Number of protein chains: 2
Amino acid sequence: MVTMSDVASAAGVSVMTVSNVLNERGRVSAQTRLRVLEKVKETGYEIDLTARRLRAGRTDTVALVVPHFDHAYFGELAARLAPAFGAKGKHLVVEQSGASREGELAALSAARLRMYDGVLLSAVGLSFEDLDRISVRTPIVLLGEQRVPERFDHITMANAEGARLATARLLESGARRIAIVGGEEPSRAPSMASQRTRGWERAHVELGADADRGLVVQLRPHDAPTARDAIRKMLERDERVDAVFAVTDQVGIGVVAGLTDMGLRVPDDLQVIGFDDLALARHVAGGLSSVDPGSDWIAAQAVDILEARMAGAAFAPRHLVSPVRLVLRGTTKAAPAARR
Amino acid sequence: MVTMSDVASAAGVSVMTVSNVLNERGRVSAQTRLRVLEKVKETGYEIDLTARRLRAGRTDTVALVVPHFDHAYFGELAARLAPAFGAKGKHLVVEQSGASREGELAALSAARLRMYDGVLLSAVGLSFEDLDRISVRTPIVLLGEQRVPERFDHITMANAEGARLATARLLESGARRIAIVGGEEPSRAPSMASQRTRGWERAHVELGADADRGLVVQLRPHDAPTARDAIRKMLERDERVDAVFAVTDQVGIGVVAGLTDMGLRVPDDLQVIGFDDLALARHVAGGLSSVDPGSDWIAAQAVDILEARMAGAAFAPRHLVSPVRLVLRGTTKAAPAARR
DNA sequence: ATGAAAGCGCTAACAG
DNA sequence: CTGTTAGCGCTTTCAT
């Protein structure tokens with residue numbers, strides 16, 4: 001392997017000069033610079049990032065830690081983040097925590113963290129107390145719905161608001177019994193599911209409708225096959241359900257499949273709205289109506305904050321909530337004339 | 001920050017003893033071991049992986065380099081790989097190359113490679129010559145369809161065979177004009193698209209049908225929106241098309257959406273088969289028929305090979321082709337009685 | 001403008 | 001069983 005000192009001797013200079021040339025830290029004559037660069041090319045030298053990291057404490061790499069590699073939402077988020085970090089000279093890598101407390105703690109261990117200049121963590125398994133116990137100097141931006149200690153930067157979606165928007169739309173379009181598939185008792189610790197259930201409930205209250213707890217269909221895991229199965233059981237129990245708010249698009253896709261299995265038509269027999277506005281949503285089920293959680297905004301903010309922290313900026317921890325927006329497609333009916 | 005020597009002095013031993021305890025390299029009395037571990041816990045010490053890497057040349061981390069973070073196929077592959085590597089004490093991270101030659105070269109630069117004990121690279125932009133120029137000692141397993149130098153371990157899918165299977169099935173079920181959406185002139189350098197087009201062609205030849213080149217619909221990029229648009233244009237040009245082989249499930253989903261846009265029914269008016277057998281395939285479009293590319297097998301082989309290489313095993317480079325299998329669902333018609 | 005010395009935190013190799 | 005020495009490849013600091 002060719003090291004810096006190989007290049008140095010080839011160029012007849014000291015390693016320091018090579019280092020200075022490569023890091024563009026001025027103080028090098030144009031002539032020397034050229035000679036060094038030439039030798040770099042000649043020898044095929046490439047810097048050892050590990051060594052630099054050890055000495056300079058910098059890796060120019062940031063990590064995004066997601067619950068599962070195969071969650072489309074995070075794939076899309078990562079795809080948005082990568083070029084944004086790239087533009088700032090940072091390299092993005094994605095890790096998987098397995099959605100477990102242990103996995104997330106491991107990702108946040110000092111050992112792992114030290115490999116990165118900054119970390120974006122989508123925490124789902126960690127409690128407030130777990131997070132509070134963490135003390136590292138690697139900048140971390142937390143993503144997700146749970147309650148986090150004040151001192152962390154944190155970006156979340158307007159979960160309840162998105163769910164409220166979707167549910168209100170269904171009620172306004174005439175739906176009376178709206179199942180929430182993937183919902184959860186709102187009393188529990190804040191989670192994606194519980195917050196969206198809260199929004200579902202709130203819409204009912206605001207519009208003077210009855211939010212029947214019997215319409216909350218819990219899901220474990222939150223995936224399409226489980227949802228497909230669950231909606232069938234729900235309808236066998238209560239055939240008056242006339243709309244579904246699915247807590248994610250994945251779930252929504254499963255719901256539509258389940259309804260189709262039963263010979264039901266969407267949106268004529270039942271309307272469906274999902275959440276996440278995945279790229280695929282517009283191409284399935286005649287266009288899955290969904291809540292756009294503002295992923296572009298989230299990615300932009302995350303990069304901004306992390307960049308600033310990595311540059312050493314000191315500012316009060318940011319706690320941001322992304323703007324959400326309802327995107328209506330084929331799985332919902334046209335609004336009734338009386339709507340406005 | 002607490003280092004190994006902090007722990008050492010706290011425990012009244014040398015750093016070497018601490019190192020030995022942590023690496024379980026025997027030769028430490030149970031008593032000392034306990035004292036050291038106690039101090040480790042007390043101080044909250046965590047090893048600096050960078051330093052270990054620099055000295056020991058090992059990171060216990062492997063990278064999977066994919067074209068794009070938001071390709072569902074790779075998300076699913078990564079999800080399969082992560083636990084398999086985890087079981088062997090390796091940690092998986094995913095990087096994105098941007099599907100470009102430059103991006104892939106950067107991923108394969110010695111600098112990057114040295115951060116990992118091994119690399120799985122899904123190469124799509126690199127030429128044979130590019131690959132041939134690469135010389136590093138980090139074990140690499142190449143994934144994908146292009147031609148690679150003999151000396152690399154390489155796993156590919158039976159692309160042509162999968163396409164042949166799918167196309168033959170369509171022909172047997174009565175289809176006469178089968179468009180291949182996302183196809184490509186088979187004369188070009190081997191690529192996913194060209195190999196699958198070859199299989200499409202072969203099926204026609206074998207069954208005495210005419211593979212009309214006018215039915216090859218090129219796509220750039222290979223995504224659902226593009227496919228949705230392309231199939232519409234194709235049908236406006238040639239309304240006799242009665243089936244579609246989509247080179248990927250993503251494309252297949254776009255095709256189904258496009259057909260639905262035109263008021264056509266699947267599979268009654270046109271049948272559709274995709275490729276990849278994504279987890280979502282069974283839940284969309286009444287069940288998207290697809291070619292299962294043997295991802296489980298691919299993941300298992302990839303882990304095996306890379307593990308062995310990382311352990312220093314010397315064996316002839318492996319060149320493997322995964323077994324494929326047709327999975328028929330709702331977007332294809334039942335086979336005609338006369339089939340066998 | 002350039003270089004020498006020191007050391008980041010760890011572990012291989014050996015000595016005791 | 002434990003410790004000493006040396007050094008991985010780089011950058012910080014300070015001297016020239």
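Each chain gets a letter, A, B and so on, in the order its sequence line appears, and its residues count up from 1. All values derive from a computational prediction rather than experimental measurement.
- Judged by distance alone, with hydrogens and angles left aside, the side-chain atoms of A:D153 form no donor-acceptor pair with the main-chain N or O of A:P317 at under 3.5 Å.
- Using a 4.0 Å cut-off, some side-chain N or O of B:T32 falls inside it from OP1 or OP2 of D:dT2.
- A:H68 and A:H71 have tilted rings, their planes meeting at an angle from 30° to 60° on a 0 to 90° scale.
- Look at CZ on B:R35: it is 16 Å from P on D:dC1, rounded to the nearest Å.
- Of the side-chain N and O atoms in B:T17, none sit less than 4.0 angstrom from OP1 or OP2 of D:dT2.
- Taking atom CZ of residue B:R53 and atom P of nucleotide C:dA12, one finds them 13 Å apart after rounding to whole Å.
- Atom CG of B:L64 and atom OG of B:S122 lie 7.5 Å apart (nearest 0.5 Å).
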Is there any protein nitrogen or oxygen under 3.5 Å from a nitrogen or oxygen in nucleotides 8-11 of chain C, and what are the pairs?
unit_1 : atom_1 : unit_2 : atom_2 : d
C:dG9  : N2     : B:A51  : O      : 3.4
C:dC10 : OP1    : B:Y45  : OH     : 2.2
C:dC10 : OP1    : B:D48  : N      : 3.2
C:dC10 : OP2    : B:M4   : N      : 2.5
C:dT11 : OP1    : B:N23  : ND2    : 3.4
C:dT11 : OP1    : B:R52  : NE     : 3.2
C:dT11 : OP2    : B:S19  : OG     : 2.8
C:dT11 : O2     : B:R55  : NH1    : 3.1

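- Of the listed residues (B:R53, B:H91, B:K90), just one forms a side chain to side chain donor-acceptor pair (under 3.5 Å) with B:D117, and that residue is B:K90.
- Remark: B:R309 is positioned above the aromatic ring of B:F315, its terminal NZ or CZ atom under 6.0 angstrom from the ring centre and at most 45 degrees off the axis.
- Atom CD in A:Q31 sits about 14 Å away from atom C1' in C:dT2, given to the nearest Å.
- Side-chain atoms of B:R112 never come within 3.5 Å of backbone atoms of B:L105 as a donor-acceptor pair (strictly under, hydrogens ignored).
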